[in-house]
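To keep things clear, I will list the structure first and then write my remarks on it.
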Amino acid sequence: MNAREGLYVRKIKNGTVIDHIPAGRALTVLRILGISGKEGLRVAIVMNVESSRLGLKDIVKIEGKYLNEEDVNKISLIAPLATVNVIKDYEVVKKFKVKPPKIVEGIIRCPNPTCISRKSREPIKPKFRLVSTNPIKLQCIYCGSIISENEIVEQLTSLR
Amino acid sequence: MISILDFTRDDLEKLFEETDNMRKRLDEGNVPKILSNSIIALAFFEPSTRTRMSFETAAKRLGANTISFTSEEAISVSKGESFADTIRMLDGYSDLIIVRHKYEGAALFAAEIAKAPVINAGDGKQHHPTQAMLDLYTIRYLKGTVDDLVIGVLGDLKYGRAAASFLLGLTHFRPRRIYLISPQELKLRPEIKELLMERGLNIKELNSLVDVLPELDILYVTRIQKERFPDLREYEKVKGSYRISSKLLFSLAKKDLKILHPLPRVDEISYDVDSTSFAAYFTQARLGVPLRMALLKLILLGGES
């Protein structure tokens, strides 16, 4: 964590820090994690700060919540270089890079309008399997449609 | 069972042996009513003639009872019931559910919901595994094997689920070469093409049938639908060049070429082909009954006889 960032947000005592998010995508990261602000968690969002690796980056700090690794891996779809720091008593006790999950359930819509997962009023969640990682490619388990990294990013970062 | 890829070659060989057995029983007029305790639900949310009736005939030959509806209009789906609720209801009534639906993935979704086994009888433009089994069985029946043959697949390869499932089914075997013959607009979808190549099929795409017709052992024809073309003039042009007549066959094809078609045909194969030795599509349709009998038996009773 660079020194300048300290100017904006102080260290958290317990919780999760997600670093190296591409600039401008912090809010999307929170949306993917299902954090809306209504949970009462103290959340700090830092956007467009300097990064040696990314040029500019975003950072998200969530106080008092440890994220399940499986859940947090979902953000790799829009933040493939993100690192996750688990903080206990101001110390980083665990640090890992996100990696794309083998199965992605619920957050992305199948692009095929006649996929059963798009049928209205059905108790069904879209579900994709990871078929390639660089670039990321997902395949709908129901209809077989392939969705590319660009489409995924576009879908997740556009306001709905 | 959702896709032909859910099966292995051994599974298919076993199914084909059982189909031989059923065929023999049918010829002898001696079919044991081994499914007399079973009720089979035919859930056809989309119209079908051959697939539905051959499943129904197969079920009845083996003594099973069937419950059915034939299109969404006829049932409470038109009153707003969800697909999931309809499947749950049928699951409560029957021992096996056969589903056809215009949405891709419907059969897989049904299988996730139901406790009873589900057979995919066609989901949108995706899979039609029992048609593929029938196509492969018909080739084995006519030629003794599926391996080492040169096979042409002609028509709408982009939207036609029968052609796509047939091609996926061929990946369980070792045909010598596959020619994919279609107009530019209706070429096989890239994800299916990649899958075929990954699974080792030797495929070649082309627009014209006449160049390869002399090489073919099997020609699999599918319907080219008018509504797929934005410009009707294009359709008229394409239609003519893919039409198969007895004259064309007698002048270019091998004597023992066999033509398959999942049916219904419109005018892609002239009626004058029907009486030639090339025509195998009615044989193919007829074999649908013993094949589906074998399948129902294997699913409901397992391998025991």
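Order of the sequence lines fixes the chain letters, A, B, ..., with proteins taken first and strands second; residue numbering starts at 1 for each chain.
- The OG atom of A/Ser145 lies 7.0 Å from the CD atom of B/Glu104; values are rounded to the nearest 0.5 Å.
- Enclosure of atom CD in A/Glu154 is not indicated, since only 12 or fewer non-hydrogen atoms of other residues, nucleotides or ligands lie within 6.0 angstrom.
- Of all non-hydrogen atoms in A/Ile141 and B/Leu108, the two that sit nearest each other are O-CD2, 3.2 Å.
- Side-chain atoms of A/Cys115 and B/Phe109, non-hydrogen and from C-beta on, never get closer than 4.5 Å to each other.
- With respect to chain A, the highest number of heavy-atom pairs below 4.5 Å among B/Lys125, B/His127, B/Gln126, B/Arg189 belongs to B/Gln126.
- Minimum heavy-atom separation, A/Tyr142 to B/Asp123: O-OD2, 4.5 Å.
- With a 4.5 angstrom heavy-atom cutoff, A/Ile124 touches chain B via backbone and side-chain atoms both.
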So A/Glu122 and B/Ile113, side chain to side chain contact (heavy atoms under 4.5 Å, CB included) or not? Walk me through it.
CA-CA 11 Å; A/Glu122 298 293 342; B/Ile113 295 167; over 6 Å; no
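- More than 12 heavy atoms of other residues, nucleotides or ligands sit less than 6.0 Å from atom CZ of B/Arg9.
- B/Glu191 places none of its side-chain heavy atoms less than 4.5 Å from the side chain of A/Lys137.
- Contact check for B/Glu194 versus A/Ile146: no side-chain heavy atoms found under the 4.5 Å cut-off.
- B/Tyr93 OH: 12 or fewer foreign heavy atoms inside a 6.0 Å radius.
- Within 6.0 Å of CE on B/Met197 lie more than 12 heavy atoms contributed by other residues, nucleotides or ligands.
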